[in-house]
*Asks:* 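Structure in C-alpha cells, see below.
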Protein chains: 2
Amino acid sequence: MYSNIMIRLTPQKLTELVAERGLKMTPQRRAIVECLAATRVHPTADEVFMDVNRRFPMTSRATVYNTLNLLIDAELVNIIEESGVKRFDPNLEPHHHFICSTCGMVEDVEATDRLETTMLNTGGHQVESMQITLRGTCALCFEVKND
Amino acid sequence: MYSNIMIRLTPQKLTELVAERGLKMTPQRRAIVECLAATRVHPTADEVFMDVNRRFPMTSRATVYNTLNLLIDAELVNIIEESGVKRFDPNLEPHHHFICSTCGMVEDVEATDRLETTMLNTGGHQVESMQITLRGTCALCFEVKND
DNA sequence: TCATGATATTAGAATACATCTAAAAATGGA
DNA sequence: TCCATTTTTAGATGTATTCTAATATCATGA
Ligand SMILES: [Mn+2]
Ligand SMILES: [Mn+2]
Ligand SMILES: [Zn+2]
Ligand SMILES: [Zn+2]
C-alpha cells in the first residue's frame, strides 16, 4: 500500500538534528521520534503524549510539545490543523490528505505531478508550498452509514 | 480584480436562513452578517467581534461565536484554520487560498477547472470537497524583506 | 395592544489546547 | 568524576472557544 522509499522521520534523523544543533540526546526525544516514526495516523500532541507515556511514564506534556516544535522547526515533521487541533505528520514525501468529516481520520493521498505543477494565479506572491485537503466520508464510515 | 458575480453571504441570505429555520432576526445577527459580507480579509471571530462592536456596542463574544457557528452549519460561510485560530470566509464560490507565512494574510486564489478535476487516488473514500492552500511570502512582505 | 411562550443575548465561568516558568535532573565533554 | 549546560518536570499561565443560566427581546394571537 505504501512504498518503502517514502521519506520519513527516523531516529537517525533525530541523531543528526541533535548533532548539528549541539543538542543532547535524551530518552524522551528518542521515544517521541520512535512514536512518530511508527505511525501513519497523524497523531495529535496528546496522542503522542499518551503513546510515549505507555512505554516511558512521567514524560511531561511540555517535553512532548517542545520536541514536536523542535521537529517542526527542523522541518522533520509537518503539521496539519483540523477542528481546532494540530496533528503531526512524519511523512516528508510531498503528499496531500483526505480527512473524514465523520470520524476525523486523516489519510495520506499521493501527490501527482499533474497537480504539483500549479496553474493557479497567485497574484504576485512567492509560493513556497502547496497543500491539498480532500474532505468527505471515509470508506468505513460510508459502510456504517449504509448498514 | 474580483468578479461581481461572486457567490457571497448577504443579509438577504441571513433572512432566508432565519425564515427556513424558524429563527429570529436580530440586530446582532444582521451586524455580524453585514461585517462578513463587507470583508475579503477572512476575519477571525475576535476581528468580527471588534468590528461589530464598533457599530453595535455590547455585542457579546458568545453571540458572535453562536452566529458564526450557525452560518457554518448552514454552509453560508466557510472556515479556514491557521496557526491555531479559525478564520471565516463568506466567499461561497469554490476557491483556494494563499497564506503569507510572514504576516498571516489570507488571500483568495481563483479555482481553475483544470485543478478541480482531481486526478488524486483517494483510496475508496467519498470525496465531497477539495481545498488547496498555498503558503509563502506575500508581495508586500517580500518587498519589505528586500528593502 | 398586551400577555405569553419561545428564542436570543449577555457576562462570566468553564473547557481545551498550547506555551511558559523556574526548580530539579540529566547529559556529555574535560 | 566533575561541572557547566541543557533538558525535563509539574504546574501556572495564556489563548481561543464553548457553556451556563439569568435577563432581554421577539413574534404570535387574544
Ligand atoms: Mn500525511
Ligand atoms: Mn476565501
Ligand atoms: Zn470516517
Ligand atoms: Zn505577508
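Heavy-atom basis, side chains included; hydrogens, waters and symmetry copies ignored. Naming convention: chains lettered A, B, ... in sequence-line order (proteins, then strands); numbering from 1 in each chain.
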*Asks:* Should B:Y65 be listed as having a side-chain N or O under 4.0 Å from OP1 or OP2 of D:dT18?
*Replies:* no
*Asks:* Tell me: CD1 of A:I72 to C1' of C:dC17, nearest whole Å?
*Replies:* 15 Å
*Asks:* Check this for me: does any side-chain nitrogen of one of A:E47 and A:R87 sit under 4.0 Å from a carboxylate oxygen of the other?
*Replies:* yes
*Asks:* Would you indicate whether the side-chain heavy atoms of A:H95 and A:E110 approach each other to under 4.5 Å?
*Replies:* no
*Asks:* So, the side chain of B:T39 versus the backbone of B:L36: is there a donor-acceptor pair under 3.5 Å, distance only?
*Replies:* no
*Asks:* Name the residue from B:V41, B:D46, B:V48 that meets the side-chain contact (heavy atoms from CB on, under 4.5 Å) definition with B:T44.
*Replies:* B:D46
*Asks:* Between C1' on D:dT17 and CG on B:D73, what's the gap in Å once rounded to a whole number?
*Replies:* 17 Å
*Asks:* Please report the distance, rounded to the nearest Å, between CD in B:E81 and P in C:dC17.
*Replies:* 12 Å
*Asks:* Using atom CG of A:L68 as one end and atom P of C:dC17 as the other, report the distance to the nearest whole Å.
*Replies:* 15 Å
*Asks:* Is there a side-chain contact between A:E107 and A:H97 in this structure, where contact means two heavy atoms from C-beta onward sitting under 4.5 Å apart?
*Replies:* no
*Asks:* Which parts of nucleotides 5-12 of chain C does protein reach within less than 4.0 Å, heavy atoms only, written one letter per nucleotide 5' to 3' as B for base, S for sugar-phosphate only and - for none?
*Replies:* BBSSSBB-
*Asks:* Please give, in whole Å, the distance from C:dA18 C1' to A:R87 CZ?
*Replies:* 16 Å
*Asks:* Using a 4.0 Å heavy-atom cut-off across all strands, classify A:D46 as base, sugar-phosphate, or nothing.
*Replies:* nothing
*Asks:* Can you work out whether B:M25 or B:G84 has the more 5'-proximal nearest nucleotide on DNA chain D?
*Replies:* B:G84
*Asks:* Whole angstrom is fine here: how far is it from CD in A:E82 over to C1' in C:dC17?
*Replies:* 15 Å
*Asks:* Within this structure, what is the CZ-to-P distance between B:F49 and D:dT15, rounded to whole angstrom?
*Replies:* 16 Å
*Asks:* What is the distance from CD of B:E47 to C1' of D:dT15, rounded to the nearest Å?
*Replies:* 15 Å
*Asks:* Just checking, is any N or O donor in the side chain of B:D108 or B:H96 under 3.5 Å from an acceptor N or O on the other one?
*Replies:* no
*Asks:* Are A:F88 and A:H42 close enough that some pair of their side-chain heavy atoms sits under 4.5 Å apart?
*Replies:* no
